[in-house]
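Everything below concerns the one structure shown next.
Atoms within a ligand are numbered from 1 in the order they appear, just like the ligands themselves.
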Amino acid sequence: MNIIGTGRAHPSLTVTNDMLSTFLDTSDEWITTRTGIKQRQLISHVKLEDLAAEACHNALKDAGISAEDLDFIICSNVVNEYITPSLSCIVQGMIGATCPCFDLNSACAGFIYALDIANSFFKSKSDINHILVVCAEEPTRMCDWQERSTCVLFGDGAGAAVLKRGDDFKSIALSSFSSIDPLYQIRQLEKTPFITKEEFGGPLVMKGQDVFKLAVNASLNDIRRVVEENGITYDDVDYYLLHQANIRIIETIRKSLDQDKVKFPHNIANYGNTSSASVPILLDELNRNQTLNRGDTIVLSAFGAGFTAGACLLKWSKN
Ligand code: UT7
């Protein structure tokens with residue numbers, strides 16, 4: 001499997017740390033030093049599907065193919081306004097594709113899970129030539145905006161990648177282990193006359209320090225697996241593109257691997273944590289600003305609620 005096109009879309013509203021401190025007991029200094037975030041793009045008047053479709057259009061254009069050429073669409077999404085139909089079905093119609101599609105929810109690790117499924121499709125279905133993966137997320141709609149320890153972290157956005165048959169992807173490692181307490185959100189379903197259990201819903205709940213440790217451990221483990229599987233060393237990797245959740249998480253992983261800063265490009269300062277969209281958004285930035293060179297060895301790694309995590313190792317063959 002090869003990546004032949006990337007795309008992204010952001011909402012137009014930029015919210016700076018200073019803007020947050022007008023209604024929250026926080027400061028630019030705290031958010032910057034604890035997270036690396038300076039601003040984030042927030043959904044205001046657009047819908048998530050608009051961003052998803054824009055990211056898909058950009059990725060298709062970059063790949064030089066049209067929506068009719070797609071054989072499958074996989075959409076990674078945690079929440080959007082529709083419970084049903086799936087976001088992938090909505091986006092399929094918006095971009096004019098007719099292929100089968102489905103959503104997956106592996107939280108912030110969704111891009112890596114989608115890549116693994118796409119890779120398996122290429123191996124098992126001979127009639128599949130092009131797959132579109134789109135990660136579209138609005139985590140800012142999950143937060144309590146009076147809760148400074150969560151709402152300052154997130155931003156909304158969409159990232160997409162067009163994949164075709166090939167052998168650029170060398171290894172993908174996924175890991176999941178049930179650990180709900182550190183990061184969850186419960187929603188209340190409609191009542192029926194037969195419900196007797198107590199039910200409630202509420203905003204995202206996070207134990208930040210627990211998630212921090214789980215994230216570092218899971219990422220390091222997944223990265224080690226894909227690097228070892230290829231018989232190479234951490235030094236042989238040109239770029240590590242990590243889930244953009246906290247610059248301190250990225251730095252802790254970088255230092256553990258004893259690698260140069262230049263190998264860990266990041267954009268968290270501009271967008272915050274956009275959940276599963278963060279890795280494809282970063283990939284698209286680096287593709288478009290021509291940071292990535294043909295033949296580069298790249299590791300992608302992400303982690304999120306569940307707890308879910310995954311990493312993959314690929315050769316970049318796109319110009
Ligand atoms: O996609 C995965 C999603 N989540 C993550 O990856 C999150 C991983 N965790 C983290 O990034 C960090 O744990 C946080 C950024 C969430 C928090 O950083 P921390 O260094 O672990 O801070 P803390 O939770 O230990 O809080 C330190 C202090 C507390 O005050 P006290 O109890 O020491 O008086 C917090 O109430 O900072 C306070 N605090 C804030 N202060 C100003 C928490 N949020 C804020 C805030 N502004 N926004």
Treat each ILVMFWY residue as a node, draw an edge where side-chain heavy atoms are under 4.5 Å apart, and state whether L214 and I112 are in one component.
->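 Looking at the clustering, I112 is in a separate group from L214.
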
Check ligand 1 against A245 and write out every atom of the ligand that is under 4.0 Å from a heavy-atom position of the residue.
->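 With A245 as reference, the close atoms of ligand 1 come out as 6 (O).
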
For atom 18 (O) of ligand 1, what is the nearest protein heavy atom, given as residue, atom name and distance?
->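 Closest protein heavy atom to atom 18 (O) of ligand 1: R248 NH1, 3.7 Å.
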
Could you find the nearest protein heavy atom to atom 19 (P) of ligand 1 and give me its residue, atom name and distance?
->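 The answer is R34 NH1, 3.6 Å.
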
Record the part of T150 in heavy-atom contact with ligand 1 below 4.0 Å; permitted values are side chain, backbone, both and neither.
->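 Looking at T150 and ligand 1, no heavy atom falls under 4.0 Å.
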
Any N or O of H243 closer than 3.5 Å to N or O of ligand 1 | yes

Can you find an N or O of S27 that's nearer than 3.5 Å to an N or O of ligand 1?
-> no

Nearest protein heavy atom under 4.0 Å from atom 34 (O) of ligand 1, yes or no =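 So far as the 4.0 Å threshold goes, atom 34 (O) of ligand 1 is out of reach of every protein heavy atom.
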
Under 4.0 Å from atom 25 (O) of ligand 1, is there any protein heavy atom?
->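 So atom 25 (O) of ligand 1 has protein heavy-atom neighbours under 4.0 Å.
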
Taking atom types as modelled, find out whether S276 and E137 have a side-chain donor-acceptor pair closer than 3.5 angstrom.
-> yes

Can we say E251 and R248 salt-bridge, meaning some charged N sits less than 4.0 Å from an Asp/Glu carboxylate O?
-> no

Where does the angle between the aromatic ring planes of Y234 and Y240 fall among parallel (under 30°), tilted (30 to 60°) and perpendicular (over 60°)?
-> tilted

Residue list, ring pair (Phe, Tyr, Trp, His ring centres under 6.0 Å) with F200, at least two apart or on another chain =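 Checked F200 against ring pair (Phe, Tyr, Trp, His ring centres under 6.0 Å); zero matches.
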
